[in-house]
2 protein chains.
Amino acid sequence: MAETRSVDTRERILDTAERLFTANGFDGTSMRQITGAAEVNLASVNYHFGSKEALMREVFRRRLAWLNTERLRVLDEMESKAGDKPLKPSQIVEGFFGTLLSMAQDESRGGVTFLRLLGRTLTDPADFIRTFLADEYQEVVERYKSALFKALPDVPRAEIAWRFHFMLGATSYAIAGTDALRLVTDWGVEDEDAIDRLDRLPQRLMSFLLGGLRAPLPKF
Amino acid sequence: MAETRSVDTRERILDTAERLFTANGFDGTSMRQITGAAEVNLASVNYHFGSKEALMREVFRRRLAWLNTERLRVLDEMESKAGDKPLKPSQIVEGFFGTLLSMAQDESRGGVTFLRLLGRTLTDPADFIRTFLADEYQEVVERYKSALFKALPDVPRAEIAWRFHFMLGATSYAIAGTDALRLVTDWGVEDEDAIDRLDRLPQRLMSFLLGGLRAPLPKF
DNA sequence: CTAAAATTCAAACGAACGTATGAATTATTG
DNA sequence: CAATAATTCATACGTTCGTTTGAATTTTAG
């Protein structure tokens, strides 16, 4: 049962690291915190992953592997159904961001914990993180951007690329859900809203994103 | 000239810390890096500010003091001109986010460096940062949110608050400008766009934000 | 069952961290 | 000019960090 035990250790480390990185950041989380909370030996991280940075990369890799595959699958399916016709922008946005948001409800894919980690990490200054994330994301982003170019042939490509960027920002931030500005919690609104914050977020966000994507072009 | 020299030291530390925090994050920047680059003694940070955390707070405080004042001034002016009539949503958005973006061109207010720092810090997990930023932002956000409630009486307040949140995210992310996904740099577009990225960003962003704010309400 | 491979473990490493101290230096004040 | 206060400085403290090591243990394979 060595392999089983080993897999247990690996996964326990990954789950714990994911949780602590989300709560305290990469620099703010020590190997001793991780191994302590995961109830494994301190040296096991270096044994299984090689280094703390490599652990961080693996935390992302196992989740993004699925996300990338799923996003490409959804896009492939939409494009094959559409034949030669361009896709509707709403389809594309839904395919890209809806896939992401669906992870929130799936605990086996990291749930909200991973989504928060991803949202925060996209603005992390550390080089190794930026490089890694860029590599992981690049192909899928290219594909979706191309789909948007095709779907909106009259909109300048630079404009589309920027709006894609803005959409990513709005989504990351909504997901990271910092409450930093107490925007959400302190508005003195009916109680029901406190409950369905997360279930209704996808629809709210999607409306906002599509509104932004379709906004009149700026005049320079 | 003791006081002059002292002010020099203080400001040199603040400027250097602002730059290094932006480049490497709070945890990723050591006191020795800061004092070394600023060419001041290691102990001077603790002498002038008390601690590393207090230095971080002061880095923000000196910039946000101006930003808060300016945002309130703009809002007050718009409201007094409008009298009893509600403001136009575009005015409010422009007042809030335009003020922020104007800092990018003003090196004496921190320029793009501070804006990037702010954008990144809004999703920072560290408690003392979240608490501090929430306190600094709260009053102004309340005022602008109230203005939006009044400007859009038919839109549910929860929806407005959420969209404010989304707008903040899009803006933060656009400003943080991580290029994490190489979205902006690698789109193979005419050369001119590489140059005017920053001058045109305000107009591009404002169009997007207003499009999102005015989007049709989601159906649940 | 036994040898080899994989994994766990306790312990230690040097380096870097934020902070504190007290003397030395510089500036202010009367 | 003398005293007093403010600031700078070199140095050190104790802690925590990521990583390494080699022995102990467990699992796998012949």
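Chain A is the first sequence line, chain B the second, and so forth, proteins listed ahead of strands; every chain is numbered from 1.
Counting heavy atoms of neighbouring residues, nucleotides and ligands inside a 6.0 Å radius, atom CD of B/E139 does not exceed 12 of them.
The separation between A/Y47 atom OH and D/dG22 atom P is 16 Å, rounded to whole Å. One can place CZ of B/F49 at 12 Å from P of D/dT7, the figure rounded to the nearest angstrom. Rounded to a whole Å, the CG atom of A/L42 is 8 Å from the C1' atom of D/dG18. B/N24 places its CG atom 15 Å from the C1' atom of C/dC17, with the value rounded to the nearest Å. Atom-to-atom, CD of A/E11 to C1' of C/dT7 comes out at 17 Å; the value is rounded to the nearest Å. The separation between B/M56 atom CE and C/dC17 atom C1' is 17 Å, rounded to whole Å. Note: CG (A/D27) to P (C/dA16) measures 15 Å, nearest angstrom. The CE-P distance, from A/M31 to C/dC9, rounds to 15 Å in whole Å.
Checking the phosphate oxygens (OP1, OP2) of C/dT8, a side-chain nitrogen or oxygen of A/H48 falls inside 4.0 Å. For D/dC17, the OP1/OP2 oxygens have a side-chain nitrogen or oxygen of A/S30 closer than 4.0 Å. OP1 and OP2 of D/dG18 both lie 4.0 Å or more from every side-chain N or O belonging to A/N46. OP1 or OP2 of D/dT8 sits under 4.0 Å from a side-chain N or O of B/T9.
Judged purely by distance below 3.5 Å, without hydrogens or angles, the side chains of B/T113 and B/T22 never pair a donor atom with an acceptor atom.
Contact of the B/R200 side chain with the A/W162 side chain is not registered, since no non-hydrogen atoms from C-beta on lie closer than 4.5 Å.
The side chain of B/A43 sits closest to D/dA10 out of D/dA10, D/dA6, D/dT19.
Comment: B/E79 engages B/R143 in a salt bridge, judged by a side-chain N to carboxylate O separation of less than 4.0 angstrom.
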Using the rule given for ring pair (Phe, Tyr, Trp, His ring centres under 6.0 Å), can you reason through A/F164 versus A/F96, listing the C-alpha separation, both sets of side-chain angles and the distance that settles it, and then say yes or no? CA-CA 10 Å; A/F164 201 114; A/F96 191 85; 5.1 Å; yes

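Nearer the 5' end of DNA chain C, as judged by each residue's closest nucleotide, is the contact made by A/N41, out of A/N41 and A/R32.
Contacts of B/T29 with the nucleic acid, taken as non-hydrogen atoms under 4.0 Å apart, involve only primed sugar atoms and P, OP1 or OP2.
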